[in-house]
Amino acid sequence: MSLASRLKKLGIQEAVKYLYKNPEKNMLKLLDWASVFGKGEFDAQIAVIRKAVTDPENPYYTFVRRLFSDIDKEVLITLAVNFFVNASLDGGQKQEEMREKYQCNIPWAILLDPTSACNLQCAGCWASEYGNKLNLSYEEINSIILQGKEMGVYMYIYTGGEPLVRKKDLLRLCEVHDDCIFLAFTNGTLIDEEFADAMLRVKNFVPAISLEGFEEATDSRRGEGVYKKALSAMKLLKEKKLIYGISSCYTRENFESISSEEYYDSLIDTGAYFIWYFHYMPVGRRAVPDLLPTPEQRVEMYRRIRHYRNTKPLFAIDFQNDGEFVGGCIAGGRRYLHINANGDMDPCVFIHYSDSNIREKTLLEGLQSPLFMAYREGQPFNENMLRPCPMLENPDKLRAIVEKTGAASTDLESPEPVEALCSRCDSYAENWAPVAEDLWAENRLAKKAVVAESRKP
């Protein structure tokens, strides 16, 4: 670690310790210092934070205070250093240097499947098709992380299968790579007291527990009793003063429940700190296109999540509708890529085509492959950031990419021609396009109005 990095790390550590002494008073002092040392560069962001910590009516007023009262001090310090210093400041600079040097996408995060095994058989889940056939070995995962860190990547996200089937290996990786953050999308049923205590020990593992809504919706897809087991895991994590979040997929059938204020408030009450909302994707042989949300439902999701963000203390990410904040599609290594349990490098966790395998190529060689370079050349796939995906909203783009690069299906149970996948999206894309154009125009007008108001004397 360079001297500059050590100083940044020490600065974050000391800042958090200073906050713990008197959060109410010292938060404002730190913001004042940040404004001075930032020389005005971050004043807009500081103003937002200042409002959150001083205005009791601000939804994040209680959120910020919960971080210091309800989260283990050493866990919070570790996550703050690894996120702000390693993954964002130092890591971001290294990623940019690598992009310039190699003229290819370099990710901020790497998603990988430690295993295809799962203790559940959720309806419509492509991972359940693979059974327990495939695993990335500990050595392979370790190699991926070592290669990633050479590029400045310190954020690793486990998908699956059920990642916690590999508990021991995942905890060992947390210990070996204590400068990284590891987030896992998990059904939560394998989180017990022993594992929660291990999380407290390693300090850099964060679970995102998958829910389909309330008990009936969750159990109908995941199996009887899964919802109660997930709630028990959440209660345990809260008691242990650990950070965790929620992952929820919205479909045409569960949309109303999963986007309701009642559901959102229930997650806050359980102690969750974030929620990832995912749009249903018609991927895999068991895909059901009729589960795709209607255009009207997607617009309502767009409006509800933005309303909740402005009124409730839970950080929300709407994976499909937040393209405007990240410049469209972030896959193909632009901000992330996916490595499945067979070692195949997919451009996206939802798009299972590849021309590279981590067992045959280095991570960098995969990012320089024809498929990943085609992604880089095509991004953004649409100037309307509410139509970001080359599969869901622009299926002809994915058809062209796969045909041009010769990428093969990585669906390990039943390889799927790209035409079969994209044909499930054609009607959806056609129906969404005019609605998205109207919503995007509305969005632009609203932003112009905000800018004009801010310029008034």
* Could you go step by step and tell me if M98 and E150 meet the side chain to side chain contact (heavy atoms under 4.5 Å, CB included) rule? -> CA-CA 9 Å; M98 296 287 284; E150 286 295 315; 5.9 Å; no
* salt bridge (Lys or Arg N to Asp or Glu O under 4.0 Å): which pairs involve residues 135-147, sequence neighbours left out? -> E140-R359
* When you measure from the side chain of N431 to the backbone N and O of P295, does any donor-acceptor pair fall under 3.5 Å? -> no
* Any sub-3.5 Å donor-acceptor pair from T115's side-chain atoms to G161's backbone N or O? -> no
* Plane angle bin for F319 and F278 - parallel if under 30°, tilted between 30 and 60°, otherwise perpendicular -> tilted
* To do: Ignoring hydrogens and angles, tell me if any N or O in the side chain of E437 forms a donor-acceptor pair with the backbone of N384 under 3.5 Å.
  => no
* Asked: Going through the distances and angles, do I106 and L367 end up as a side chain to side chain contact (heavy atoms under 4.5 Å, CB included)?
  -> CA-CA 7 Å; I106 300 294; L367 289 164; 4.1 Å; yes
* To do: Run the salt-bridge test on R303 and E300 with the 4.0 Å N-O cut-off and return the result as yes or no.
  => no
* **Pairs involving residues 333-348, ordered by first then second residue, that meet salt bridge (Lys or Arg N to Asp or Glu O under 4.0 Å) (sequence neighbours left out)** => none
* Run the numbers on L337 and V349 for side chain to side chain contact (heavy atoms under 4.5 Å, CB included), then give the verdict. => CA-CA 7 Å; L337 60 94; V349 69; over 6 Å; no
* Less than 4.0 Å between a side-chain N and a carboxylate O, is that true for K238 and D70? -> no
* Quick one: does NZ or CZ of R66 land under 6.0 Å from the six-membered ring centre of Y273, within 45 degrees of the ring axis? -> yes
* To do: List the steps, then state whether side chain to side chain contact (heavy atoms under 4.5 Å, CB included) holds for L363 with I110.
  => CA-CA 10 Å; L363 189 58; I110 294 175; 3.6 Å; yes
* **Check: Y264 ring centre within less than 6.0 Å of Y308 ring centre** => yes
* To do: For F205 and F195, run ring-ring contact (aromatic ring centres under 6.0 Å, His included): C-alpha distance rounded to whole Å, both residues' side-chain angles, the deciding distance at 0.1 Å, then the answer.
  => CA-CA 11 Å; F205 187 91; F195 186 72; 5.5 Å; yes
* In sequence, state the C-alpha distance, the side-chain angles, and the governing distance for N86 and D90, and then conclude on side chain to side chain donor-acceptor pair (under 3.5 Å). => CA-CA 5 Å; N86 301 339; D90 288 350; over 6 Å; no
* Taking the six-membered ring of Y138 as reference, does the NZ or CZ atom of R172 fall below 6.0 Å from its centre and within a 45° cone about the axis? -> yes
* **Salt bridge present between E324 and R444 (N-O < 4.0 angstrom)** => yes
* To do: Output yes when D426 and R399 qualify as a salt bridge under the 4.0 Å nitrogen-oxygen rule, no when they do not.
  => yes
* Asked: Sub-3.5 Å donor-acceptor pair from the side chain of E365 to the main-chain atoms of T362, do we have one?
  -> yes
* Please check if the distance between the ring centroids of Y158 and F185 is under 6.0 Å. => no
* Evaluate whether atom CD of E100 has more than 12 neighbouring non-hydrogen atoms of other residues, nucleotides or ligands under 6.0 angstrom away. => no
* **Closest non-hydrogen atom pair, P114 against T159** => CD-O, 3.3 Å
* Structure fact -> Tightest non-hydrogen contact, residues G366 and S356, listed as CA-OG, 3.7 Å
* Y336 and Y156: aromatic ring centres closer than 6.0 Å? -> no
* To do: Could you tell me whether E419 atom CD has more than 12 heavy atoms of other residues or ligands within 6.0 Å of it?
  => yes
* Asked: Is a side-chain donor or acceptor of W432 paired with a backbone partner of L386 at a separation under 3.5 angstrom?
  -> yes
* Which pair of heavy atoms, one from Q95 and one from G152, lies closest together, and at what distance? -> NE2-O, 2.8 Å
* Between R306 and D322, is the closest basic N to carboxylate O distance under 4.0 Å? -> yes
* To do: Answer yes when D290 and R252 have at least one side-chain N-carboxylate O distance shorter than 4.0 Å, and no when they do not.
  => no
* Asked: How far apart are the closest heavy atoms of A287 and P282, and which atoms are they?
  -> CB-C, 3.3 Å
* Asked: What heavy-atom pair brings V288 and Y280 nearest, and what distance separates the two atoms?
  -> N-OH, 2.8 Å
* Asked: Where the side chain of S257 meets the backbone of N254, is there a donor-acceptor pair that is under 3.5 Å apart?
  -> no
* Asked: Does the gap between the ring centers of H279 and Y428 come in under 6.0 Å?
  -> yes
* Electrostatic pair R201:E74 at N-O distance under 4.0 angstrom -> no
* Asked: Has Q368 got more than 12 heavy atoms of other residues, nucleotides or ligands less than 6.0 Å from its CD?
  -> yes
* side chain to side chain contact (heavy atoms under 4.5 Å, CB included) with M199: which of V206, I243, L242, N204? -> L242
* Answer yes or no: is there an ion pair linking K167 with D192, defined by an N-O contact shorter than 4.0 Å? => yes
* Structure fact -> Note: P390 and C329 closest approach over all heavy atoms is CD-SG, 4.2 Å
* Is K203 paired with E175 through a side-chain N to carboxylate O contact shorter than 4.0 Å? -> no
* Asked: Which word best sums up how the rings of F63 and Y60 line up, parallel for under 30°, tilted for 30 to 60°, or perpendicular for over 60°?
  -> perpendicular
* Check whether any side-chain N or O of E377 sits under 3.5 Å from a backbone N or O of A374 as a donor-acceptor pair, and report yes or no. => no
* Does the N394 side chain pair with the main chain of K397, one donor and one acceptor, at a distance under 3.5 Å? -> no
* Distance from W276 atom CH2 to I317 atom CD1, nearest 0.5 Å? -> 4.5 Å
